[in-house]
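See below for the structure under consideration.
Per chain, numbering begins at 1; letters A, B, ... match sequence-line order.
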Amino acid sequence: MPELPEVETTRRGIEPLISGQRVRDIVVRDRRLRWPVSPRWARALPGTVIHAVDRRAKYLLIRSDTGTTLLHLGMSGSLRFVGPDTPPGKHDHVDLIFDRGVLRFRDPRRFGSIHWTTRDPLQHRLLRDLGPEPLAGDFTGDVLWQASRGRRVAVKNFIMDSHIVVGVGNIYASESLFRARIHPKRAAGRISQARYAALVDAIRDVLSEAIEDGGTTLKDFVRERGQPGYFGQQLQVYDREGEPCRRCKTPIKTARIGQRSAFYCPACQR
DNA sequence: ACAGTAACCTGTTTGC
DNA sequence: TGCAAACAGGTTACTG
């Protein structure tokens, strides 16, 4: 669920609610996330003032005056801002308590994570080796084309590889390839420079439009006040197996590529 | 360096 | 209906 648009939607939602606010306390009900929540973080954060919420890839960078919290939503995570007396649900693992409310982290599958660093977060081992941001200027068709030379992986896996470009998960990979009319199984190294230019445009457009719509809610994802995202209504191929292609009416097909489901139009995409 | 797979965990859907 | 298997949006770590 949380791919780049959902994380960015969350960032935009929570930043105005918590920036400038002092963390009064932390409650960790279950520290068993993907990596155990560090006790050092739980000790360090209370008392600090949040001054910004940034994003790198699918990580939220919650910056306070003494360090940065790296928060990843994993597969099923969400952050909401709730009133102080809202009873926590079964999977509400962590609270950041502020004077004006509680930032509550829910994650049924516990693939999310929380890290704390007092150094440059971009040099953290989890962020250090990531590829370009898809919505930034350094992500171009030429960059993608160059990186793909000699690569035999399916292009769908290629664009989901965070060393190549960040933020493109299973849903938006299928959607972008449909827009660029590229078959998801095509070898990354066998796609022309011109088609990579089209793919970069497609990725940018899909992600930007999804952010405009507040992300895609298929299952767990909700925004900061519990609202769903509406981009699901714009999906062209994802989860539409057997339904007619919106462009040519051919039934949408599905395939397993690298243990993930890919959706595509067998007529439009080559 | 690259490609492929298993692993983390729980909830829901599918199939017998 | 009941139960077990398969599957789900992500990423890392390991293998060959």
- Task: With heavy atoms under 4.0 Å as the rule, sort A:Leu73 into base, sugar-phosphate or nothing.
- Result: nothing

| said: Need one value for A:Tyr238: base, sugar-phosphate or nothing, where a base atom within 4.0 Å counts as base even if backbone is also close, heavy atoms only. | reply: sugar-phosphate

Evaluate A:Asp54 against A:Arg63 for salt bridge (Lys or Arg N to Asp or Glu O under 4.0 Å), listing each step before the verdict. CA-CA 8 Å; A:Asp54 296 324; A:Arg63 299 187 187 263; 2.5 Å; yes

Measure from the side chain of [X], starting at C-beta and using heavy atoms only, and say which of [options] lies closest.
X        : options               : value
A:Met160 : C:dG10, C:dT12, C:dC7 : C:dG10
A:Arg256 : C:dG10, C:dA8, B:dC2  : C:dA8
A:Val153 : C:dG10, B:dG11, B:dG4 : B:dG4
A:His91  : B:dG11, B:dA6, B:dG4  : B:dG11
A:Arg34  : B:dC2, B:dC8, B:dA6   : B:dC8

Salt-bridge present (A:Glu175, A:Arg179; N to O < 4.0 Å): no

One thing to verify: whether A:Asp99 and A:Arg24 come together as a salt bridge, which I'm taking to mean a side-chain N less than 4.0 angstrom from a carboxylate O.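 So A:Arg24 pairs with A:Asp99 through a salt bridge.
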
In whole angstroms, the gap separating P of C:dT11 from CG of A:Leu130 amounts to 9 Å

- Task: Please state whether the base of B:dC9 and the side chain of A:Arg110 form at least one donor-acceptor pair under 3.5 Å?
- Result: no

Please state the P separation for the pair B:dA6 and C:dA6 - nearest whole angstrom.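 Between the two P atoms, the distance is 13 Å.
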
